[in-house]
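Each remark here refers to the structure printed beneath this line.
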Amino acid sequence: MVMIATSEPVLFFERFFVKEIQSKNMEISEEITPDQEKVVEELKRRLIDEVTPKMLEDKSLFYRFSKARDFKLPEAEAMLRKHISWRKEVNIDAILTEYQPLEVRSSN
């Protein structure tokens, strides 16, 4: 575990985590080549029917998976397919709406 000494832990949290959350909701601001854009669009075309509506809220989804595999379409597609499968397997999209905590027993 990494401990970071700061006199303002809340500000650290905001700087570190809020920026990451905001980046997932932003459009692609980085300049990409036409070839890279074709890979992103092809990945989207191939998998648009398999991703959940919750995943589509992330405007950079297809770009991020393409970039993570250096815009190599077969590798990006395989990686995103595994991610989709995992999300379905652990029911990620329903955690916040359907999660029921285990009943806590009292020690009395």
Side-chain angles (χ1 to χ4, degrees):
M1 181 174 178
V2 176
M3 298 296 290
I4 299 174
T6 177
S7 60
E8 300 172 356
V10 174
L11 290 178
F12 171 77
F13 175 83
E14 288 177 0
R15 279 188 228 128
F16 186 77
F17 293 104
V18 173
K19 183 177 179 181
E20 183 166 327
I21 292 167
Q22 289 171 341
S23 70
K24 290 184 177 185
N25 294 321
M26 292 172 51
E27 294 287 335
I28 302 166
S29 59
E30 183 177 312
E31 297 237 355
I32 61 174
T33 67
D35 288 339
Q36 291 172 337
E37 189 172 352
K38 286 178 186 175
V39 170
V40 173
E41 288 304 314
E42 180 60 20
L43 183 63
K44 183 176 183 177
R45 188 192 66 74
R46 290 182 184 189
L47 296 176
I48 192 75
D49 293 331
E50 296 183 39
V51 297
T52 64
K54 188 71 177 169
M55 291 175 72
L56 287 176
E57 290 176 12
D58 179 357
K59 307 248 187 281
S60 65
L61 176 73
F62 299 103
Y63 168 76
R64 288 185 302 108
F65 277 85
S66 298
K67 184 174 181 177
R69 292 296 175 246
D70 295 322
F71 297 93
K72 295 176 183 166
L73 184 58
E75 294 174 20
E77 182 178 0
M79 182 182 180
L80 184 51
R81 283 186 187 280
K82 286 180 185 177
H83 179 71
I84 293 167
S85 176
W86 173 80
R87 286 180 70 99
K88 288 178 181 176
E89 180 182 319
V90 297
N91 204 19
I92 288 294
D93 292 341
I95 285 177
L96 294 177
T97 58
E98 298 175 8
Y99 177 72
Q100 296 293 320
L102 297 174
E103 191 173 315
V104 179
R105 293 185 189 178
S106 65
S107 58
N108 297 334

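Sequential numbering from 1 along the given sequence is applied to the chain's residues.
- To the nearest 0.5 angstrom, I32 atom CD1 is 5.5 Å from F71 atom CZ.
- Contact record, M55 with H83: CE-CD2, 3.6 Å, taken as the closest heavy-atom pair.
- Considering all non-hydrogen atoms of both residues, A76 and S66 come closest at CB-CA, 3.8 Å.
- Considering only heavy atoms from C-beta on, L80 comes within 4.5 Å of L61 through its side chain.
- Among residues at least two apart or in separate chains, salt bridge (charged side-chain N to carboxylate O under 4.0 Å, His left out) pairs with a member in residues 82-92 are R87-D93.
- Atom CG of L47 is separated from atom CD of E77 by 5.0 Å, given to the nearest 0.5 angstrom.
- Rounding to the nearest 0.5 angstrom, the gap separating the CG atom in N91 from the CH2 atom in W86 is 11.0 Å.
- Transitive grouping of hydrophobic side chains (ILVMFWY, heavy atoms separated by less than 4.5 Å) keeps F65 and I92 in distinct clusters.
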Show me, pair by pair, the donor-acceptor contacts under 3.5 angstrom made by side chains of residues 35-43, not counting sequence neighbours?
unit_1 : atom_1 : unit_2 : atom_2 : d
Q36    : OE1    : T33    : N      : 3.0
E42    : OE1    : R45    : NE     : 3.0
E42    : OE2    : R45    : NE     : 3.4
E42    : OE2    : R45    : NH2    : 2.5
E42    : OE2    : R46    : NE     : 2.9

